[in-house]
Amino acid sequence: MGDQERADLEALLAAPERIEIHGGDRMWRAHLLGAIMATAAMSFGPAQAEVPEPAPSFVPGDQATVPGAQESLVDAAMRRAGAQVIATASRSTQVAMFPFPYHARLAGTELRGQVDAYVDANPGLLPPVNGGPERTGAYIESIAPQIDHPHAWAYASKAPGRTGCVILVPDRAVPEFGDLMRLAGVDRDTAAAFVLAHEAAHCAQYSEGIAALRDIALAGRVRSERVASNLLDVRFERLLIVGAPSGELLAKSVERTRSSERYADGFAVLTMLARGAITPRQLDGFAVWREAAASKDGHDTGSFLRHLKETIVAKPSALAAMRAPGEPGFDAQCVAAFLKPLWKAFEMSELEAESVRPEQKSRDDHAHSSTVTPMTTTAQRFTDQERIALELMLDAPEAVEFHGTDMTWQKALGQAIAPAQAKPSLKDVLMAGNAPPVDVPRG
């Protein structure tokens with residue numbers, strides 16, 4: 001190869017997209033192409049992997065670096081999502097809800113300082129059953145390093161009939177949010193609104209379950225207003241009906257987690273549908289997003305989201321009833337009134353299907369499985385160790401996921417629930433070393 005030809009080939013390799021190989025011999029073309037590709041690799045070095053774009057963070061817009069900007073962005077996103085009205089859309093309890101935006105990279109004394117400043121700046125943040133504001137801060141500090149996405153932490157407070165709920169919002173980038181945007185065809189702000197509305201719905205739902213647990217701890221039975229809230233899940237209700245021991249009442253399962261996630265997902269998408277942020281067709285994208293992760297921990301809510309879409313399409317007037325003028329654009333109580341019976345019926349059908357074998361599923365068997373066994377009127381009793389375990393659960397009830405009821409269960413549940421007179425604090429009794437009077441139910 002002459003000097004000029006070599007120069008021409010080097011110039012060609014400098015812009016390899018212009019390479020054109022001609023000739024009738026396929027073997028010759030293959031060898032020549034291989035030689036050129038090898039020369040190009042030696043000339044330009046190994047191919048560099050394309051730098052992926054950063055995964056979307058929860059905070060809408062670009063990642064904020066200015067002090068206080070993250071808090072402002074999260075507050076604005078909370079208002080757009082209507083998180084406050086969603087969190088307080090309960091029946092028998094009052095929920096004090098606060099967001100906690102924080103820097104996920106912080107740890108140790110730095111994280112503790114941010115948590116302490118947050119607690120001091122929010123005097124309305126209710127203290128938990130045991131301890132004061134410092135105990136609230138200690139719980140938040142223990143939870144924050146363990147999560148990588150927004151998370152609702154609900155807990156029992158000292159005030160009767162009230163619960164606290166903190167939505168922790170780290171500034172980490174969350175790849176799953178990018179998947180949601182892509183599969184559902186929504187922008188960053190809409191994805192953020194869905195996530196916040198989801199967590200706020202957990203606040204309302206968890207509060208009723210926590211209140212039911214506290215009723216059992218103090219009076220041995222669940223008050224009737226908890227049932228009227230329609231927010232205790234059907235599996236928890238069944239445990240109450242059969243007089244299950246405390247261990248089963250406190251246990252967490254995939255099915256009960258899924259029940260909670262279905263309610264939160266359903267509430268979130270209904271608020272977005274009511275204010276026109278998404279269309280019913282996009283619920284398929286939300287369902288695919290939930291199913292794509294092949295989650296085994298209870299977050300696979302796709303079947304319920306599709307059921308919700310079918311219901312909305314068949315009854316479009318339901319969305320009109322949920323709309324409201326002004327921000328946030330929906331009526332949270334109307335959303336709850338529409339969602340709760342739909343959610344409970346779906347859960348009941350699933351529970352019945354689980355309890356009946358396919359080969360035995362006849363009309364008579366189905367009717368029998370729908371019959372509710374009368375509840376025992378005996379108050380739930382606990383050992384001292386179980387009472388202490390329940391007290392600790394009320395201290396840190398972020399693991400509590402007990403929700404709602406169906407109207408068909410009202411009669412049976414009414415046999416075991418009734419308003420109870422105020423009882424002494426479990427802590428006061430245990431710390432004083434005095435056993436409860438013989439005629440007072442234990443637990």
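Looking at heavy atoms from C-beta onward, Asp187 lies out of side-chain contact with Met181 at the 4.5 angstrom threshold. Residues His149 and Arg172 form no side-chain contact, since every pair of their non-hydrogen atoms from C-beta on lies 4.5 Å or further apart. Put simply, the side chain of His202 reaches to within 4.5 Å of the side chain of Glu261, judged on heavy atoms. Contact annotation: the side chain of Ser260 approaches that of Tyr206 to within less than 4.5 Å [non-hydrogen atoms, C-beta and beyond]. In this structure, the side chains of Val166 and Tyr118 come closer than 4.5 Å at one or more pairs of heavy atoms. Using a 4.5 Å cut-off on side-chain heavy atoms (C-beta onward), Leu213 and Val222 make no contact. No side-chain heavy atom of Val169 sits under 4.5 Å from any side-chain heavy atom of Val195. Under the 4.5 Å side-chain criterion, counting only non-hydrogen atoms from C-beta, Arg290 is in contact with Leu305.
Distance check, rounded to the nearest 0.5 Å: CD1 of Ile86 to CG of Leu196 gives 9.0 Å. Between atom CD1 of residue Ile167 and atom CZ of residue Phe100 there is a gap of 13.0 Å, rounded to the nearest 0.5 Å. Here CZ of Phe267 is found 8.5 Å from NZ of Lys340. Values are rounded to the nearest 0.5 Å. Going from atom CD of Gln146 over to atom CG of Leu168 covers 10.5 Å, rounded to the nearest 0.5 Å. Taking CG of Asp148 as the reference point, atom CD of Glu176 lies at 7.0 Å (rounded to 0.5 Å). Atoms OG1 and CD1, on Thr271 and Ile278 in that order, are 8.0 Å from each other to the nearest 0.5 Å.
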Show me the donor-acceptor pairs, under 3.5 Å and distance only, between side chains in residues 318-332 and residues at least two apart or in other chains.
residue: Arg323; atom: NE; partner: Ala274; partner atom: O; Å: 3.0
residue: Asp331; atom: OD1; partner: Gln333; partner atom: N; Å: 3.0
residue: Asp331; atom: OD1; partner: Cys334; partner atom: N; Å: 3.2

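At distances below 3.5 Å, not a single donor-acceptor pair connects side-chain atoms of Lys315 with backbone N or O atoms of Glu310. The closest donor-acceptor contact from the side chain of Trp343 to the backbone of Phe304 lies at 3.5 Å or more, if one exists at all. Checked by atom type and distance alone, the side chain of Arg112 never pairs as donor or acceptor with a backbone atom of Ala138 at under 3.5 Å. The main-chain N or O of Val129 is found under 3.5 Å from a side-chain atom of Lys158 such that the two form a donor-acceptor pair. Between the side chain of Gln282 and the backbone N or O of Gly185, at least one donor-acceptor pair lies under 3.5 Å. Judged purely by atom type and a 3.5 angstrom limit, Ser157 uses its side chain to pair as donor or acceptor with the backbone of Arg162. The backbone N or O of Val186 sits nowhere less than 3.5 Å from a side-chain atom of Thr190 that would complete a donor-acceptor pair. With hydrogens and angles disregarded, a donor-acceptor distance shorter than 3.5 Å links the side chain of Thr311 to the backbone of His307.
Across all non-hydrogen atoms, the minimal contact from Ala152 to Cys165 is CB-SG, 4.2 Å. Annotation for Leu339 and Gly266: closest pair CD2-C, 3.9 Å, computed over non-hydrogen atoms. Between Leu180 and Ala191, the shortest heavy-atom contact is CD2-CB, 4.0 Å. Nearest heavy-atom pair across Ala173 and Pro175 is O-CD, 3.6 Å. Heavy atoms only, all atoms of each residue included: Ser207 and Ala204 are closest at OG-O, 2.6 Å. Closest approach of Arg135 to Pro128, counting heavy atoms only: CG-CG, 3.6 Å.
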- Item | Verdict with supporting geometry, Ser303 and Phe346, side-chain contact (heavy atoms from CB on, under 4.5 Å) | CA-CA 10 Å; Ser303 59; Phe346 189 90; 3.8 Å; yes
- Query: Which is it for Arg223 and Ile216 under the side-chain contact (heavy atoms from CB on, under 4.5 Å) test, yes or no, and what are the steps along the way?
  - Reply: CA-CA 9 Å; Arg223 293 174 181 262; Ile216 293 174; over 6 Å; no
- Tell me, with the steps shown, if Asp75 and Ser72 meet side chain to side chain donor-acceptor pair (under 3.5 Å). CA-CA 5 Å; Asp75 287 342; Ser72 298; 5.8 Å; no
- Message: For a side-chain contact (heavy atoms from CB on, under 4.5 Å) check, start with the C-alpha distance between Asp300 and Glu291, then their side-chain angles and the critical distance, and finish with the verdict.
- Response: CA-CA 6 Å; Asp300 44 340; Glu291 294 166 347; 5.5 Å; no
- Check the pair Thr88 / Gln94 against side chain to side chain donor-acceptor pair (under 3.5 Å), numbers first and verdict last. CA-CA 7 Å; Thr88 54; Gln94 292 181 309; over 6 Å; no
- Can His103 and Gln70 be said to form a side-chain contact (heavy atoms from CB on, under 4.5 Å), step by step? CA-CA 9 Å; His103 301 295; Gln70 183 192 6; 3.4 Å; yes
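A salt bridge between Asp215 and Arg221 is absent, with no side-chain N of the basic residue lying under 4.0 Å from a carboxylate O of the acidic one. Under 4.0 Å is where a charged nitrogen must lie from a carboxylate oxygen, and between Arg262 and Glu347 at least one such pair does. Under 4.0 Å is where a charged nitrogen must lie from a carboxylate oxygen, and between Arg235 and Glu350 at least one such pair does.
Between Phe286 and Phe194, the ring center distance clears the sub-6.0 Å criterion.
In terms of the side chain to side chain donor-acceptor pair (under 3.5 Å) criterion, Glu199 has no residue partners (sequence neighbours excluded).
A parallel orientation is assigned to the rings of Tyr155 and Trp153, their planes being inclined by less than 30° (bins at 30° and 60°).
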